[in-house]
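One structure is given below, encoded as structure tokens.
Per chain, numbering begins at 1; letters A, B, ... match sequence-line order.
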Protein chains: 2
Amino acid sequence: MTKEIPNALLGDVARAAGVSTASVSRVLNGAPHVSQRLRERVEAAIDKLGYVPDGAARALASRRIGAIGVLVPTLDNPVFSAWIDSLEQRLKHHDCRLLIATYRYDLDDEFAALRTLIQQGVDGVVLLGHDHREESIDLLQRRRLPFLTCWHNVNDPDCPCVGFDNALPARQLVEHLLTLGHRRLAVISAPTRTNDRARARLNSFLKTAEQAGYPISPGNIITVEYGIAEGAEAFEELMTRPQPPTAILCGNDTLAFGVMLAAQRSNKKIPEDVSITGYDNLPQSPFMNPPLTTVAVPAQALGDLVADAIIARINGNPSPHHQQLEAPLVIRRSTGPSTSG
Amino acid sequence: MTKEIPNALLGDVARAAGVSTASVSRVLNGAPHVSQRLRERVEAAIDKLGYVPDGAARALASRRIGAIGVLVPTLDNPVFSAWIDSLEQRLKHHDCRLLIATYRYDLDDEFAALRTLIQQGVDGVVLLGHDHREESIDLLQRRRLPFLTCWHNVNDPDCPCVGFDNALPARQLVEHLLTLGHRRLAVISAPTRTNDRARARLNSFLKTAEQAGYPISPGNIITVEYGIAEGAEAFEELMTRPQPPTAILCGNDTLAFGVMLAAQRSNKKIPEDVSITGYDNLPQSPFMNPPLTTVAVPAQALGDLVADAIIARINGNPSPHHQQLEAPLVIRRSTGPSTSG
DNA sequence: GTCCTCATTGTAAGCGCTTACAGATCTTGG
DNA sequence: CCAAGATCTGTAAGCGCTTACAATGAGGAC
């Protein structure tokens with residue numbers, strides 16, 4: 001509760017320590033060529049005056065703000081908040097902050113938010129997925145701003161990427177179901193128009209099934225918004241079909257939860273009456289009844305990797321243009337042998 | 001894809017438009033006393049040059065950065081991400097950005113994060129709850145930084161607050177269970193040491209039960225970390241009691257989900273064998289089997305209200321010191337008459 | 001003792017914008 | 001037609017830091 005001069009400036013510290021402003025700045029920034037004695041004097045003065053550097057002035061003079069911007073469709077999805085969480089933790093080690101902006105899957109909003117971030121002077125930008133307005137990538141390139149896309153695996157020379165293959169595990173899920181004897185599959189997908197990840201999953205589901213000789217009928221392909229309620233409704237709709245599917249592939253775990261809850265409610269047994277798969281492996285997936293077969297999206301590892309990669313780019317260190325993580329299948333008891341035929 | 005001078009400055013715009021830098025700045029900031037003609041000339045020049053103002057320079061000169069800082073324990077909890085989501089949307093209308101920092105319920109980390117935010121020059125700060133290090137509030141006051149606490153309802157002259165009463169709905173939940181005939185209650189609480197919200201709920205559970213003459217026995221009070229798995233384990237522990245509780249009060253919906261899933265797994269019927277209550281009303285609560293009795297925490301309304309209140313404070317407009325929202329009980333089918341006696 | 005090198009410190013010029021103030025222009029009333 | 005007042009625009013002084021460059025001083029080699 002010390003009574004002190006409201007806001008000490010760097011110059012005040014310099015005066016108090018009897019050194020130049022440059023020296024104070026050097027101490028502050030851990031620059032080399034600073035003697036122990038001087039450092040101690042300055043640090044004492046800083047403590048005494050309760051000095052806090054002004055971020056804006058520092059940013060203006062040094063041309064960096066010590067923060068990166070991340071554009072995420074929504075924080076509503078636990079898989080994104082988990083990712084952001086680990087991204088933030090890891091960036092902290094690099095002494096770097098996070099500016100988060102959301103755009104609700106609207107790429108025009110994403111572009112607008114990107115402009116705002118650039119205006120704020122972020123040192124780098126992380127984009128999610130591969131679907132963006134051309135202007136967004138353009139702007140980043142023209143500004144020479146380090147950036148990264150993630151959560152996908154498109155090998156685009158314009159877009160460095162740290163991600164995983166959305167299609168491969170989707171194919172494996174279908175193969176898993178076919179092996180179990182399922183022949184009438186259905187898909188409940190998130191909207192795909194501005195979401196390459198959802199699109200990759202959906203296309204992979206459809207293509208794999210078709211190539212195996214068991215194409216998924218158009219009536220069994222439902223696209224709904226993200227949400228439990230939406231999953232539940234889609235399930236009910238599928239059950240009105242003359243020949244209901246024996247297995248349902250969901251574009252994400254949340255939709256799968258909706259499906260499972262709706263199934264329980266209408267007394268369908270999982271997996272005896274219908275098998276269910278998700279995609280994400282949210283914390284509660286192993287606790288569902290039965291535990292949910294899904295794909296373990298490496299959200300946390302992705303956060304760490306993205307943090308390291310963007311920092312490397314900002315520092316001008318070499319960083320691979322294209323990095324991939326595994327997204328393994330997690331087979332649990334929500335899928336089982338088909339009993340319909 | 002226009003080929004243009006990399007980074008136009010305000011001075012370039014002024015030259016291109018044939019006006020002074022002051023006029024450009026005025027147009028940029030929508031200042032009064034700017035003629036229509038001048039405004040149009042400047043706007044044309046801005047478009048032509050693709051000028052983007054430098055946030056750092058602007059912040060340094062104007063002493064505000066157009067962003068507020070929000071300190072949130074974690075983004076892991078959907079109720080917080082929903083709140084942040086609406087906070088961000090609403091602030092956008094006020095042309096204000098959000099800097100988010102998390103501290104994982106560690107108040108020393110919260111203090112450190114606060115310092116960082118202040119250093120970045122945020123125009124205001126939002127804190128969650130009433131538990132903070134004294135130094136944090138001190139720092140805010142000494143800096144004369146507009147700030148707000150929320151999510152609680154402590155009427156502290158030092159801390160303006162926009163929140164709701166955590167204790168009242170907790171009391172109503174207990175009364176609801178007592179009315180249904182339950183006499184052996186249990187509580188599964190989140191850690192309370194640095195979390196006044198959890199503490200208020202827990203204390204209200206205990207006090208209400210005790211005052212009604214049915215105190216909750218110490219063995220039936222379990223504190224666990226946030227999470228589905230944690231709720232499930234706590235349930236299993238409670239079931240090992242010689243006389244298991246007939247109703248379980250959970251500190252939040254996520255714990256309640258864990259309890260419900262564990263109950264299903266061990267073939268306990270809800271609510272016939274045991275009644276369950278939550279607290280938050282997450283999107284999936286109404287979809288559980290059976291739907292969960294809980295408290296509808298007004299996360300979204302709180303986001304809007306907090307946004308308006310902090311903006312008012314920043315602009316020096318009057319704003320109530322203490323604002324309260326309703327957090328109504330939502331009675332669903334996870335609670336029912338006690339059948340044990 | 002002189003000269004050179006290198007580690008350390010200081011000087012001062014910005015970084016790109018805002019804004020107080022002053023100056024210019026335009027109305028309007030007398 | 002002029003002065004007063006209102007409205008618009010320009011000038012220039014910062015905002016609080018960083019950093020290129022210059023200056024200083026201490027050792028060492030000769």
Neighbour count >12 (heavy atoms, 6.0 Å) for atom CD, B:Gln119: yes
Residues, nucleotides or ligands: over 12 heavy atoms within 6.0 Å of B:Arg63 CZ: yes
N-O pairing of B:Arg313 and B:Asp308 below 4.0 Å: no
CA sep, side-chain torsions, deciding dist, call: A:Asp123, A:Arg64, salt bridge (Lys or Arg N to Asp or Glu O under 4.0 Å): CA-CA 6 Å; A:Asp123 302 327; A:Arg64 47 194 147 67; over 6 Å; no
Outermost nucleotides of DNA chain C that come under 4.0 Å of a non-hydrogen atom of chain B: C:dG16 to C:dA20
5'-most by nearest nucleotide on DNA chain C - B:Arg64 or A:Ser20: A:Ser20
Heavy-atom closest pair, residues A:Leu325 and A:Phe164: O-CB, 3.4 Å
D:dT9 OP1/OP2 closer than 4.0 Å to side-chain N/O of B:Ser35: yes
Closest-nucleotide ordering on DNA chain D, the 5'-leading residue of B:Val19 and B:Ala61: B:Val19
Pairwise distance CD1(A:Ile65) to CD(B:Gln120) - rounded to 0.5 angstrom: 6.5 Å
A:Gly11 or B:Arg37, whichever maps to the more 5' nucleotide of DNA chain D: B:Arg37
For B:Arg133 against B:Leu107, the heavy-atom pair lying closest together: CD-O, 3.8 Å
Sugar-phosphate only, base, or nothing, as touched by B:Ser25 at under 4.0 Å among non-hydrogen atoms: base
Whole angstrom value for the distance that separates C1' of D:dA26 from NE2 of A:His33: 16 Å
Five-pair end axes of the helix from C:dG1-D:dC30 to C:dG30-D:dC1 and the angle they enclose, rounded to 10°: 40°
Test applied, side chain to side chain contact (heavy atoms under 4.5 Å, CB included); reference residue, A:Val306; option that passes from A:Leu128, A:Val70, A:Leu87: A:Leu87
Touch class at under 4.0 angstrom, heavy-atom based, for B:Arg63 against every strand present: sugar-phosphate
Close approaches to DNA chain C from residues 51-59 of chain A, in residue order (heavy atom, under 4.0 Å): none
Sugar-phosphate only, base, or nothing, as touched by B:Leu9 at under 4.0 Å among non-hydrogen atoms: sugar-phosphate
Electrostatic pair A:Asp138-A:Arg142, nearest N-O below 4.0 angstrom: yes
Smallest separation among heavy atoms of A:Tyr105 and A:Asn195, with atom names: CE2-ND2, 3.4 Å
Atom pair SG (B:Cys150) and CG (B:Leu302), whose distance is rounded to the nearest 0.5 Å: 5.5 Å
